[in-house]
Undergrad: 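Below is one structure. I have some questions about it.
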Amino acid sequence: MLDAAYYADLGLSSIHEKVLDGRRLSFDDGLALFDCPDITAVGALALHARCRLHGRKAFYVVNRQINYTNVCVNGCVFCAFRRDAANEPGAFVLSREDILARLKNADQSSLRLDELHIVGGCHPGLRLEWFEDVLRAVRAVNPTLPIKAFTPVEIEHFARLEGISSLEVLQRLKAAGLTMLPGGGAEIFDEELRPQLCPHKADAAAWLRISGEAHGLGIKTNCTMLFGHLENAAQRVDHLCRLRDQQDKSGGFTCFIPLPFLTENSRLKLPDERLGPQRGLDQLRTVAVSRLLLDNIPHIKAYWIMLGPKLAQTALWYGADDLDGTIVEEHIGHMAGAQSSQGLTINELESMISESGFEPVRRNAIFETLPPDGRNSAEVR
Ligand code: V47
């Protein structure tokens, strides 16, 4: 598959050489990979890069997602999850007790969590103290559970509400028990497109700055790209290169998650030629190009909720090395028409991986690997 003559025929000789030598690809290389007619040739290069990093390992996490509210001041046109105000039909705000009940339900069951993923809309009335209180309460229930919470967009929102800096917000949340930030809200950085999609959201510079601030405090973060909407290949490559530049500077991105835009219940309507089965191939290609361009970000996640389990499995052959996790409850993708179930069991995740020809490895939020049955018995929780 990695035959030099074949890549020469495709006009990809120099990319082929760079990938085999482990050298950095350029912006134009990224464009050429999006342009290449043979998606399996792109996938084979990504598989090579992925196996150099992780061999045949494919990771999963025993986690619980909690969306604390869908009330959001941002009004992004793609989002099917948000509600404008707390009295709008379908709007919800969880109480601290609701959050703890959900946590206990999962963590004190046979699941025993290795990640709690908390994320929500930018609510106009929830103050930073409330979030600190939630984190401390989670810590009181489980002192060692890694808490992945609040995207850079939420951090910026908290800073605006409190009239303090994003750095101070991060310091306070870290002191209250935050482990790491999820990667949401990056959407697409391009300065022309971003205002059309999410005019009120933290801009690209703020999103990247806050990620860098978190890294400076020793807080790992993830990063994402929302794709398959109005953007073109150059805007995708630009987005990936900006993440790579930020990672060169601050080094704390753990995982990149390409998020395919799901169209149901969205105010953003796509032309017919952007819809249909060809989107699956585009999604695989985007996973592959991400693996190849993001040479300094260790993990690429095939998020089964948004891709669907079948495509997520295939994506393991196109450069992804992680499926995310058990999830239990998910709203953002499901409000937008995700056909996947709400959660998967550990057995289902492990068989998805092994039946795809990879070796399942259980991990926690920060990608520390764990024995298949979770914690060492010596560990007191
Ligand atoms: O920020 C919103 C995206 C994100 C839609 O860090 C949509 O480990 C598709 O970031 N179609 C939230 N996507 C999810 C997210 C995430 C998920 C799992 C793991 C991690 C991690 C992060 O979902 C939002 C936005 O970019 N989104 N609406 C939609 N209609």
Side-chain angles (χ1 to χ4, degrees), residues 59-61 63-68 70 72 74-82 114-122 146-157 179-189 194 197-198 201-202 204 207 211 214 219-231 239 243 252-270 274-275 279 283 286 297-308 312 320-340 343 363-367:
F59 300 89
Y60 70 92
V61 61
N63 64 353
R64 209 302 177 191
Q65 223 178 85
I66 299 180
N67 300 129
Y68 55 88
N70 60 353
C72 186
N74 283 334
C76 306
V77 295
F78 54 80
C79 185
F81 169 68
R82 66 111 31 191
D114 300 314
E115 171 183 287
L116 181 66
H117 180 171
I118 306 179
V119 73
C122 291
I147 308 172
K148 179 175 82 178
F150 317 126
T151 66
V153 168
E154 288 159 276
I155 301 294
E156 210 229 9
H157 173 71
T179 312
M180 73 176 288
L181 305 190
E187 319 312 359
I188 198 88
F189 290 144
R194 194 173 179 86
L197 294 167
C198 43
K201 201 168 228 173
W207 193 96
S211 299
I219 302 171
K220 298 276 185 205
T221 75
N222 287 342
C223 50
T224 56
M225 173 175 73
L226 184 71
F227 70 97
H229 41 85
L230 305 177
E231 87 294 354
H239 186 96
L243 290 174
F253 289 130
T254 301
C255 183
F256 171 72
I257 308 120
L259 295 166
F261 169 54
L262 304 180
T263 54
E264 224 169 89
N265 303 318
S266 171
R267 284 188 290 138
L268 178 62
K269 301 297 171 210
L270 297 184
R274 289 228 153 198
L275 302 166
R279 296 183 79 215
Q283 290 166 16
T286 305
I297 299 185
H299 299 282
I300 305 288
K301 181 178 298 189
Y303 185 38
W304 66 264
I305 290 272
M306 304 288 195
L307 290 174
D321 60 273
D322 184 67
L323 291 183
D324 203 276
T326 47
I327 305 282
V328 183
E329 184 183 350
E330 199 280 340
H331 293 283
I332 299 174
H334 285 90
M335 297 291 287
Q339 298 298 306
S340 48
R363 63 156 176 99
N364 67 10
I366 52 168
F367 278 84

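Numbering of ligands and ligand atoms starts at 1, following listing order. Nothing here was measured: the structure is a model prediction, and the numbers come from that model.
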Undergrad: Can you list the steps and then say if Phe78 with His229 is a ring pair (Phe, Tyr, Trp, His ring centres under 6.0 Å)?
TA: CA-CA 9 Å; Phe78 54 80; His229 41 85; 7.2 Å; no
Undergrad: Could you tell me which atoms of ligand 1, counted from 1 in the order shown, lie closer than 4.0 angstrom to a heavy atom of Ile257?
TA: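 Those atoms are 6 (O), 8 (O), 20 (C), 21 (C).
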Undergrad: Taking only heavy atoms of Thr224 into account, list the atoms of ligand 1 that are under 4.0 Å away from them.
TA: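 In order of number, 10 (O).
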Undergrad: Which atoms of ligand 1 sit under 4.0 Å from any heavy atom of Asp324?
TA: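 The list of qualifying atoms is 19 (C).
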Undergrad: To check your reading of the model: name the closest protein heavy atom to atom 6 (O) of ligand 1, its residue, and the distance in Å.
TA: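 Minimum-distance protein heavy atom for atom 6 (O) of ligand 1 reads Gly183 N, 2.8 Å.
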Undergrad: Measure the distance from atom 3 (C) of ligand 1 to every protein heavy atom, then report the residue, atom name and distance (to 0.1 Å) of the closest one.
TA: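 Its nearest protein heavy-atom neighbour is Leu259 CD1, 3.8 Å.
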Undergrad: Judged by atom type as modelled, is there a donor-acceptor pair below 3.5 Å linking the side chain of Arg194 to the main-chain atoms of Ala186?
TA: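 Judged by distance alone, yes, a pair lies under 3.5 Å.
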Undergrad: Numbering the atoms of ligand 1 from 1, which are under 4.0 Å from a heavy atom of Gly185?
TA: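 Answer, ordered by atom number: 1 (O).
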Undergrad: Short question: side chain of Arg363, backbone of Phe59 - any donor-acceptor pair under 3.5 Å?
TA: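 No; judged by distance alone, with no hydrogens or angles, the pair does not exist.
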Undergrad: Can you check which of Leu226, Asn67, Ile188, Val61 brings a heavy atom nearest to atom 7 (C) of ligand 1?
TA: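 Nearest option to atom 7 (C) of ligand 1, by heavy atoms: Leu226.
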Undergrad: Any donor and acceptor pair, going by atom type alone, linking the side chain of Arg274 with main-chain N or O of Gly228 inside 3.5 Å?
TA: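 Absent.
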Undergrad: Report the part of Phe81 (side chain from C-beta onward, or backbone N, CA, C, O) that has a heavy atom under 4.0 Å from ligand 1; answer both or neither where that applies.
TA: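 Under 4.0 Å from ligand 1, Phe81 contributes no heavy atoms.
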Undergrad: Counting heavy atoms only, which part of Leu262 comes closer than 4.0 Å to ligand 1: side chain, backbone, both or neither?
TA: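 Contact part for Leu262 vs ligand 1: both backbone and side chain.
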Undergrad: Give the atom numbers and elements of ligand 1 that come within less than 4.0 Å of a heavy atom of Phe78.
TA: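 That gives atoms 2 (C), 28 (N), 30 (N) of ligand 1.
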Undergrad: Between the side chain of Glu156 and the main-chain N/O of Val153, is any donor-acceptor distance below 3.5 Å?
TA: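 Side chain of Glu156 to backbone of Val153, a donor-acceptor pair under 3.5 Å: no, none is there.
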Undergrad: Just let me know how Ile305 lines up against ligand 1, side chain, backbone, both or neither, with a heavy-atom cut-off below 4.0 Å.
TA: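 The answer is neither; Ile305 stays 4.0 Å or more away.
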Undergrad: Using a distance-only test with no angle check, is there a side-chain donor-acceptor pair under 3.5 angstrom linking Gln283 and Thr286?
TA: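 There is no such pair (donor and acceptor under 3.5 Å, judged by atom type) between the side chains of Gln283 and Thr286.
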Undergrad: Using modelled atom types only, decide if a donor and an acceptor are shared between the side chain of Thr224 and the backbone of Gly183 within a distance under 3.5 Å.
TA: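 Yes, the answer is positive, given that a donor and an acceptor are paired below the 3.5 Å cut-off.
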Undergrad: Return a yes/no value for Ala80: is any of its N or O atoms, backbone included, closer than 3.5 angstrom to an N or O of ligand 1?
TA: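 Min N/O separation from ligand 1 is not below 3.5 Å for Ala80.
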Undergrad: Under the 3.5 angstrom rule, does the side chain of Trp207 hit a backbone N or O of Gly184 as a donor-acceptor pair?
TA: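 At least one qualifying donor-acceptor pair exists.
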Undergrad: Heavy-atom contact under 4.0 Å between Lys148 and ligand 1?
TA: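 Under 4.0 Å: yes for Lys148.
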Undergrad: If you measure from each non-hydrogen atom of Pro260 to ligand 1, which part falls under 4.0 Å: side chain, backbone, both or neither?
TA: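 Near ligand 1, Pro260 shows its backbone, while the atoms from C-beta on stay back.
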Undergrad: Kindly say whether Ala80 contributes a backbone atom to a donor-acceptor pair with the side chain of Asn265 at under 3.5 angstrom?
TA: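 No; zero donor-acceptor contacts below 3.5 Å.
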Undergrad: Any atom of ligand 1 sitting under 4.0 Å from a heavy atom of His117?
TA: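 It does; at least one heavy atom falls under 4.0 Å.
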Undergrad: Checking the side chain of His117 only, and the main-chain atoms of Lys148 only, is there a donor and an acceptor separated by less than 3.5 Å?
TA: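 Checking the backbone N and O of Lys148 against the side chain of His117, no donor-acceptor pair under 3.5 Å is found.
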Undergrad: Quick test: of every protein heavy atom, which one is nearest to atom 26 (O) of ligand 1, and how far off is it to 0.1 Å?
TA: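 Protein heavy atom with the smallest distance to atom 26 (O) of ligand 1: Glu187 OE1, 2.5 Å.
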Undergrad: Considering non-hydrogen atoms only, spot the tightest contact between Cys79 and Ser266 and give its length.
TA: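 It is N-OG, 4.5 Å.
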Undergrad: Just going by heavy-atom distances, which of Phe253, Phe261, Tyr303 is nearest to atom 17 (C) of ligand 1?
TA: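 It is Tyr303 whose heavy atom sits nearest to atom 17 (C) of ligand 1.
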Undergrad: What's the shortest heavy-atom distance between Asn222 and Met180, and which atoms?
TA: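 Nearest heavy atoms, Asn222 then Met180: OD1-CE, 3.5 Å.
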Undergrad: I need the atoms of ligand 1 closer than 4.0 Å to a non-hydrogen atom of Lys301, numbered in the order shown.
TA: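 The list of qualifying atoms is 8 (O), 19 (C), 21 (C).
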Undergrad: Is a side-chain donor or acceptor of Asn63 paired with a backbone partner of Ile327 at a separation under 3.5 angstrom?
TA: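 Present.
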Undergrad: Distance under 4.0 Å to a non-hydrogen atom of Gly184: what atoms of ligand 1 satisfy this?
TA: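 Here the atoms of ligand 1 in question are 1 (O), 10 (O).
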Undergrad: Where's the contact between Pro182 and ligand 1, heavy-atom distance under 4.0 Å: side chain, backbone, both or neither?
TA: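 Both backbone and side chain.
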Undergrad: Identify, by atom number and element, the atoms of ligand 1 in contact range of Ile332, meaning under 4.0 Å from any of its heavy atoms.
TA: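 Answer, ordered by atom number: 2 (C), 12 (C), 23 (O), 27 (N), 28 (N).
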